[in-house]
Amino acid sequence: QLVETSKRLAAYQAVKDYLLPTYTRIGIGSGSTVVYVVEAIAALGPVVTASMTFYPTGAQSEELIEAAGLNLQYINKLAPGDQLDVAFDGADEVDDDLNLIKGGGACLWQEKIVATAAKQFVCVADFRKLSSQLGTSWTKGIPIEVLPMAAPRILGELKHLGSINPKIREGLPGKAGAIVTDNGMWIIDAPFPPLASGKDCNVDEGGSWTVDALADRLIKIPGVAEIGLFYGKNGLQVQSGAQKPVAAYF
Ligand code: DER
C-alpha cells in the first residue's frame, strides 16, 4: 500500500508542478505509475483539459487516455519540428543523474519517441526506483527492443559486451513464448553490472560501463530497434526534444 501511495503522491505533485494550464500537447507514458498521472490530470476537470491533447506511448497508454475521457492524438500526427509541451512517464530505475532504465512494461520504443518529442520530460516513480547506479535495484536487465529474427545474434553480442545471462522476455503465464511489443518486436532483458554515470570508461579496460558508453554501444548492434536506457541531465540532447528528464518524483 505504501508503494501505491508513493506513486500517487509523486504523480499528483508532478502534474501540479509541470502541467501548466496553458499547455496543449502532453505525452503519456506506460506502466502502473502513469495511471496516477492520468488520474491527477483528469481530476483537473474539462475546464482545464478540454484544450489539451494527449499522446500515448502504446496500447495501455492509449487506453488510459481514452478511459479518462481526455483528447487523444498520436505522435505521427505531430508535424516535423513541432514539440509536445511536456511528457510524463514512469521508470524502472532512476540514478542520481536522472539516467533511467525503462522498458519493464515493454513500451520503451514509443516511450522514447514521445519523450524526445517533448520540451520537458518528467519521470514519475515510487521510492523503490531511486538508486545510486542503474542496475543495482532493477536487476532484471536493460530492456532492449529487437527484431525477432536478429535475437540470437543480439544475445551473442550482449554476452560479448559483458551482459550476464541476457534473455528473450517470455510471456508466461500470459503467453507461451516471447512477448510481442505494440510494434511487433521482441524484448531482450540484458543484465549488466551496475552502470557508472558521467565518467567515461568501458568494460574493455576492466572498468564498469558508464550509462552513456553502454547506450552508445547497444544501439549500434544490428537488429536493435531501441534500448531502455534514457540519458539523464548529463546526457545528450536528442534532436530538439529534451530526452533528459527535468525532474523525477518519488
Ligand atoms: O516500461 C516502462 O518504462 C514503464 O514506464 C514502466 O516500467 C514503469 O513501471 P511502473 O509500472 O513501475 O510505473
Side-chain angles (χ1 to χ4, degrees), residues 1-15 18 26-41 54-65 75 84 86-95 98-118 121-131 134-146 169-171 174 178-183 185-191 195 211 215 218 225-232 235 238 243-250:
Q1 195 44 25
L2 181 61
V3 167
E4 292 310 306
T5 305
S6 161
K7 289 180 179 180
R8 175 178 264 117
L9 287 172
Y12 275 75
Q13 190 61 48
V15 168
Y18 278 93
I26 296 97
I28 296 295
S30 306
S32 62
T33 307
V34 86
V35 170
Y36 297 112
V37 169
V38 172
E39 180 188 284
I41 293 171
F54 296 85
Y55 294 74
T57 50
Q60 181 235 355
S61 172
E62 178 185 36
E63 171 55 32
L64 277 181
I65 295 167
I75 199 68
L84 306 180
V86 66
F88 295 94
D89 200 351
D92 299 303
E93 192 171 17
V94 185
D95 77 7
L98 297 188
N99 296 303
L100 314 178
I101 287 184
K102 283 181 62 51
C107 296
L108 66 100
W109 197 1
Q110 292 188 42
E111 287 176 337
K112 192 175 277 192
I113 293 165
V114 169
T116 53
F121 174 55
V122 179
C123 173
V124 186
D126 63 79
F127 59 89
R128 299 169 303 165
K129 313 299 185 65
L130 184 57
S131 93
L134 296 185
T136 44
S137 66
W138 181 264
T139 53
K140 294 176 184 170
I142 299 168
I144 301 171
E145 185 145 352
V146 305
R169 191 179 298 179
E170 301 275 333
I179 58 112
V180 178
T181 70
D182 294 323
N183 316 302
M185 309 291 264
W186 285 358
I187 296 285
I188 286 176
D189 292 301
L195 303 179
V211 173
L218 293 179
E226 191 50 85
I227 61 171
L229 280 179
F230 282 42
Y231 287 130
V238 180
Q243 181 186 346
K244 295 178 283 188
V246 287
Y249 286 82
F250 299 97

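Indexing begins at 1, ligand by ligand and atom by atom, following the structure's order.
- Applying the side-chain contact (heavy atoms from CB on, under 4.5 Å) test to Thr136 and every residue at least two apart in sequence or in another chain returns Glu93, Ser131, Gln133, Pro194.
- Contact atoms of ligand 1 toward Lys102: 2 (C), 3 (O), 4 (C), 5 (O) (distance under 4.0 Å to a heavy atom of the residue).
- Leu218 and Ile144 make their closest contact through CD1-CD1, 4.2 Å (heavy atoms, listed as atom of the first residue, atom of the second, distance).
- Every atom of ligand 1 is numbered from 1 in the order shown, and the set under 4.0 Å from a heavy atom of Glu111 is 1 (O), 2 (C), 3 (O), 4 (C), 5 (O).
- With sequence neighbours excluded, no residue satisfies salt bridge (Lys or Arg N to Asp or Glu O under 4.0 Å) with Glu170.
- Side-chain atoms of Glu145 and Asn183 form a donor-acceptor pair, as typed in the model, at a separation below 3.5 Å.
- Atoms of ligand 1 found under 4.0 Å from any heavy atom of Ala91 (numbered from 1 in listed order, with element): 5 (O), 8 (C).
- Residue-ligand proximity, Lys129 to ligand 1, at heavy-atom distances under 4.0 Å covers atoms 9 (O), 10 (P), 12 (O).
- Considering only non-hydrogen atoms, atom 10 (P) of ligand 1 lies nearest to Ser32 out of Ser32, Gly90, Ala115, Ala11.
- What sits closest to atom 13 (O) of ligand 1 on the protein, heavy atoms only, is Thr33 OG1, 2.7 Å.
- Below 4.0 Å from some heavy atom of Asp89 lie the following atoms of ligand 1, by number and element: 5 (O).
- By the 4.0 Å heavy-atom criterion, Ser30 is counted among the residues contacting ligand 1.
- Applying the 4.0 Å criterion to heavy atoms of Gly105 picks out, from ligand 1, the atoms 1 (O), 2 (C), 7 (O).
- Under the side-chain contact (heavy atoms from CB on, under 4.5 Å) rule, Ile41 has a single partner from Ile28, Ile65, Leu64, which is Ile28.
- In terms of heavy atoms, Phe88 sits closest to Ala14 at CE2-O, 3.7 Å.
- Close N/O approach between Val34 and ligand 1 is not found [any backbone or side-chain N/O within under 3.5 Å].
- At least one heavy atom of Asp92 sits closer than 4.0 Å to an atom of ligand 1.
- Taking both residues in full, the closest heavy atoms of Ser32 and Lys7 are given as OG-NZ, 2.6 Å, listed atom of the first, atom of the second, then distance.
- Within the 4.5 Å cutoff, side-chain heavy atoms of Ile101 are placed close to those of Pro143.
- By the 3.5 Å distance cut-off applied to N or O atoms, Asp126 is not counted among the residues near ligand 1.
- The shortest side-chain heavy-atom distance between Ser137 and Arg128 does not fall under the 4.5 Å cut-off.
- Ligand 1 has no N or O atom lying under 3.5 Å from any N or O atom of Gly31, backbone or side chain.
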